[in-house]
Amino acid sequence: MNYKDTINLPKTDFKMKANLKSLEPTILEKWEDIDAANYLMENRKDAEKYILHDGPPYANGDIHLGTALNKVLKDIVIKYKTLRGYNSPYVPGWDTHGLPIEHSVTTKLGDKAKELDKLEIRKICEEFAMKYVDIQKESFKRLGVIGFWEDPYLTLKPEYEAKVLEVLKSLVETGNVYRGKKPIYWCTECETALAEAEVEYHDHKSDSIYVKFPMKEEKDTYIVIWTTTPWTLPANVAIAVHPDFEYAKVKVDGEYWILAKELITKTLEQTHIQQYNIIETFKGQKLEGKKAVHPFMNRDSLIVLADYVTLDEGTGCVHTAPGHGVDDYKTGLKYNLPIISPVDDRGYFTKEAGKYAGLKIWDANEVIISDLKESNFLLASGKMVHSYPHCWRCKNPIIFRATEQWFIDLEKNNYREKVLEQIKQVNWIPKWGENRITSMVKERPDWVISRQRAWGIPIPAVRCEQCGDLILSVETLDSVIDIVRNYGSNAWFEKDIKDLLPKNFVCPKCGGSIFSKQEDILDVWIDSGSSFEAVVNTREELKKFPADLYLEGSDQHRGWFQSSIFLSVAKHGRAPYKAVLTHGFIKDEDGRKMSKSLGNVINPRDVIDKYGADILRLWVASSDYTMDIKISDNILQQQVEIYRKLRNTLRFLLGNIYDFDPQKDCVEYEEMYEIDKWAMLKLHKLIKDVTAAYDNYEFYKVHYLINNFCTIDMSSIYLDIIKDRIYVEGKKSKLRRSAQTVLYEALIALTKMMAPIISFTAEEVYDYLPTSEKKYKTVFVEQWPEYNEKYLEPKLEEKWEVILSLREDVLKALEEKRKEKLIGNSLDAKVILDIHDQDLKKFLTDFDESFLADIFIVSQCEIGSVDEGFDGKKAKIKIVQAIGKKCERCWKIDPQTGKDEKYPDVCPRCAKVLRAEEY
């Protein structure tokens, strides 16, 4: 007889090798066929909403690993919440305006861009943006992200643009928008103002110079300043000192230099002076109101007091140009100083800079230093590497430059304080996010919202040609909002001014009726920051304000999170989100930032083509995203190995329930065998812990818990032990059905718990489930598994901890004898246990010896005395050859094998099964 035919071997078409590259596209087709996003929403239409609002990426290139990480994290949250029973539609969006897109377009056009008017540039920008919306869309879909891809929100849509202007109107209404001239970040390459969120800090090599300014009416006396921006000296109108610092007049080679006493040694070392005498010392306040003479401009430089002067660097005497710095500007207001900014949009000096007119500011540094040296006002010069602001888009160093711009006043109507109060109401994940955004909001200056570019929503301001007044009012905004809603923001550039303004509109200041359009556009952060109104409060499927969650990179504390809360407080008096989750940035295996120059950039498409999207998703889930996240081929290979183990577990579970009908064959918990109860305990503990980890957005814990359960609790212990039972016992026997009940419960629970992370594989498993168990077209409409408290028996867990600890000792002893060639398969062995602890010995004697043999996967086991053996933690263990003959069916060795007349080659247990099954 062929006994192999009588064994219950696994049966499943679920492949051991996933071949995710081929599998995943077929599942994507399935989701498209069933219109997955709408199908999920329809099946949850009566459920409570959970809204994760998507922060829009820029449509200016293909996705990178950072955007892939972001989208997968969002998808994990959405799918988990859907499985938990929420109506959680995902509406993706794109930021389709702004400098990133215009810069890409104009760079590609080169000199041709200068020949095109704004409308032509805008048309090309729109085409460029829509091209990359489509490219990114396909990449995000390939990651397995389910959403309303055919109906995303785009910031260039007319209805969206109109909502942005409505938000702006809220600020105009309260008087928080004003026009002013003050120093702001300015990119001379992009020729536009920048907001703080558009500035990056990188190391930059600057000129470092010490300059002496002659004191007016004090012969041979000079006040010494230090600066790393020589090009700002033409705009100098003052020198700031600290009122409370000790200053000194120092005699050097017949001259008298004034500087902070504490910095004398350092300064004179830099200027190579060895001999000096301190003539007198005095507080900085004594210098207030005195005047120095500018070394090369025909003007005086007033000595003023300022608390921001430090003793960290320089001389304690700070060169002050109110047209080129925020602190300088505030000091200028205090002392009524002129705001001189002799630099044009392209970074060239104007006539106001005298002899330097026409020079690019960076080139002027060398000329100014040379002139100072020639006129004997230069004390020392050198180079200094320091952190300096750069443009986020073109990566060039930027400047502070005083220009007329539109600003949002952050102090008026207690605006800043209202925002700070709302920050406290939000759940920040991780918690340090609250301190980070709080400090940024406290420190940020008034928000400059105008840009001198073409591609964006225009600020609908007009100039009265009669009095020159600039007008941005609720009345004009209402008129323009209606037009934009119907025709889009291009209408501002296309239509005549008379068609844009209300009928019979006149200048509020002078009554004039002739106006010209202003063509500044809005800061792109106003666009994206208004999405709470343009999307969450507008789209029917999303309507829930505030949204439950915003999830982006930690750089958005100074970007989208901040612009959104400022604008939402202006419009609705509260934060637009209940919780904010931030993730870190992608680094390579050595902790280095990804960059083309280092050759360490990994394209997500390459990862998907090589391994499949589920491996990338598994890597995302494995990472503690609260910190920077590392990736490399080695790290991905680790996830491949983990995936292989998870898949093997799923395949084993599927393969061994092929004849199991959960409606008829389930064994009640009370009637289960004890090891099956232990497995149920482990499963329900897993469900409890995994659910808590998902609820806390700790996906790395989910990854660890599921992996640990599959590889240790299941594969290494439970499945290893029950293989004999499910393969060899009778098909319908309670012994087998008890184990199958656990396998079935574990398969269903694991499939659902894995689904948010390895979505393609979970969907594949779902398709292999018994037809009676598939209620829906996709696993994501299923209900989340609930843990049962009655299965979490502490005494049972303690008991099995002892048994499994002893099992570890036995496995080590078996391995020793395997190496010594005493045994091959563990079923060749008999185990003799000499238990150290008498209580444990008494505890184990209550078990049948065949039960212990099954736990250790040996043929025989007894408790007795051992003279020589393996010294384990719990027992001394002797391994000997099992007594008897090998059963041809189950391979166990039994003294009674061969004594059955009908089945002479098998053990009594197998003979009994064969008789019952009537083979």
Side-chain angles (χ1 to χ4, degrees), residues 7-12 14 645-691 705-754 762 765-766 768-770 772-773 782-797 799-801 803-804 807 847 851 854-857:
I7 293 173
N8 311 310
L9 291 174
K11 293 178 186 176
T12 180
F14 184 80
K645 291 175 181 176
L646 296 178
R647 188 175 181 87
N648 284 348
T649 301
L650 293 168
R651 187 170 187 271
F652 185 94
L653 298 176
L654 274 169
N656 285 289
I657 61 164
Y658 66 91
D659 63 340
F660 181 80
D661 184 343
Q663 305 301 319
K664 298 185 299 184
D665 299 332
C666 276
V667 174
E668 293 296 323
Y669 176 76
E670 289 74 17
E671 296 178 20
M672 281 183 173
Y673 291 89
E674 195 168 89
I675 189 169
D676 299 332
K677 287 184 177 180
W678 172 83
M680 289 293 278
L681 179 153
K682 285 294 183 182
L683 174 62
H684 282 258
K685 193 173 182 182
L686 175 74
I687 294 169
K688 182 179 182 179
D689 292 345
V690 162
T691 304
L705 289 164
I706 291 177
N707 180 40
N708 198 61
F709 175 80
C710 288
T711 56
I712 297 175
D713 295 338
M714 286 284 103
S715 298
S716 295
I717 300 174
Y718 181 67
L719 302 183
D720 205 25
I721 291 169
I722 66 163
K723 270 180 190 173
D724 175 78
R725 192 179 359 145
I726 56 175
Y727 291 174
V728 176
E729 294 294 344
K731 284 185 183 297
K732 298 179 182 179
S733 66
K734 185 179 170 184
L735 275 164
R736 186 162 178 266
R737 294 302 193 205
S738 177
Q740 282 184 307
T741 302
V742 175
L743 300 184
Y744 171 77
E745 294 287 347
L747 176 64
I748 299 300
L750 281 171
T751 302
K752 293 175 182 179
M753 290 189 290
M754 289 177 179
V765 173
Y766 191 68
Y768 280 97
L769 291 181
S772 61
E773 292 307 295
E782 286 286 349
Q783 290 295 325
W784 191 253
E786 299 289 337
Y787 71 91
N788 191 329
E789 197 69 49
K790 80 172 184 178
Y791 298 159
L792 307 182
E793 298 182 53
K795 287 185 179 177
L796 178 69
E797 189 167 23
K799 177 180 179 180
W800 276 87
E801 276 180 10
I803 293 170
L804 294 174
R807 182 175 186 264
F847 291 101
F851 165 81
D854 287 343
I855 298 299
F856 304 142
I857 315 176

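Reckoned from all heavy atoms, side chains included, excluding hydrogens, waters and symmetry mates.
Looking at Glu793 and Lys677, no side-chain N of the basic residue comes within less than 4.0 Å of a carboxylate O on the acidic one, giving no salt bridge. Here Asp689 does not pair with Lys682 in a salt bridge; the nearest charged N to carboxylate O distance is not below 4.0 Å.
Between Tyr727 and Pro10, the closest side-chain pair of non-hydrogen atoms falls below 4.5 Å. Between Leu681 and Trp800 the shortest side-chain heavy-atom distance does not fall below 4.5 Å. With contacts defined as side-chain heavy-atom distances shorter than 4.5 Å, the pair Val667/Val742 does not qualify. For the pair Ile857 and Arg807, the minimum side-chain heavy-atom distance is below 4.5 Å. Side chains of Glu797 and Lys685 form a contact here, defined as non-hydrogen atoms less than 4.5 Å apart. The side-chain heavy atoms of Ile706 and Leu646, taken from C-beta on, include a pair separated by under 4.5 Å. Taking the side chain as every heavy atom from C-beta outward, Leu686 and Leu750 approach each other to under 4.5 Å. The shortest distance between side-chain heavy atoms of Lys645 and Cys710 does not fall below 4.5 Å.
Screening Asp659, Asp724, Asp665 against Arg736 for a salt bridge (charged side-chain N to carboxylate O under 4.0 Å, His left out) leaves a single residue, Asp659.
The cationic atom of Arg647 (NZ for Lys, CZ for Arg) lies less than 6.0 Å from the six-membered ring centre of Phe14 and within 45° of the ring axis.
Scored by the ring-ring contact (aromatic ring centres under 6.0 Å, His included) test, Tyr791 finds Tyr669, His684 as partners (sequence neighbours excluded).
Using a 3.5 Å distance cut-off with no hydrogens or angles, the side chains of Glu729 and Asn8 do not pair a donor with an acceptor. Using a 3.5 Å distance cut-off with no hydrogens or angles, the side chains of Asp676 and Tyr718 do pair a donor with an acceptor.
A donor-acceptor contact shorter than 3.5 Å links the side chain of Thr751 to the backbone of Leu747. A side-chain donor-acceptor contact under 3.5 Å links Ser716 to the backbone of Thr711.
Considering all non-hydrogen atoms of both residues, Leu683 and Ala749 come closest at CD1-CB, 4.0 Å.
With rounding to the nearest 0.5 angstrom, the CG atom of Asp854 is 8.0 Å from the CZ atom of Arg725. Between the CG atom in Leu743 and the CD1 atom in Ile657 there is a gap of 7.5 Å [rounded to 0.5 Å]. Atom CD1 of Ile726 sits about 11.5 Å away from atom NZ of Lys731, to the nearest 0.5 Å.
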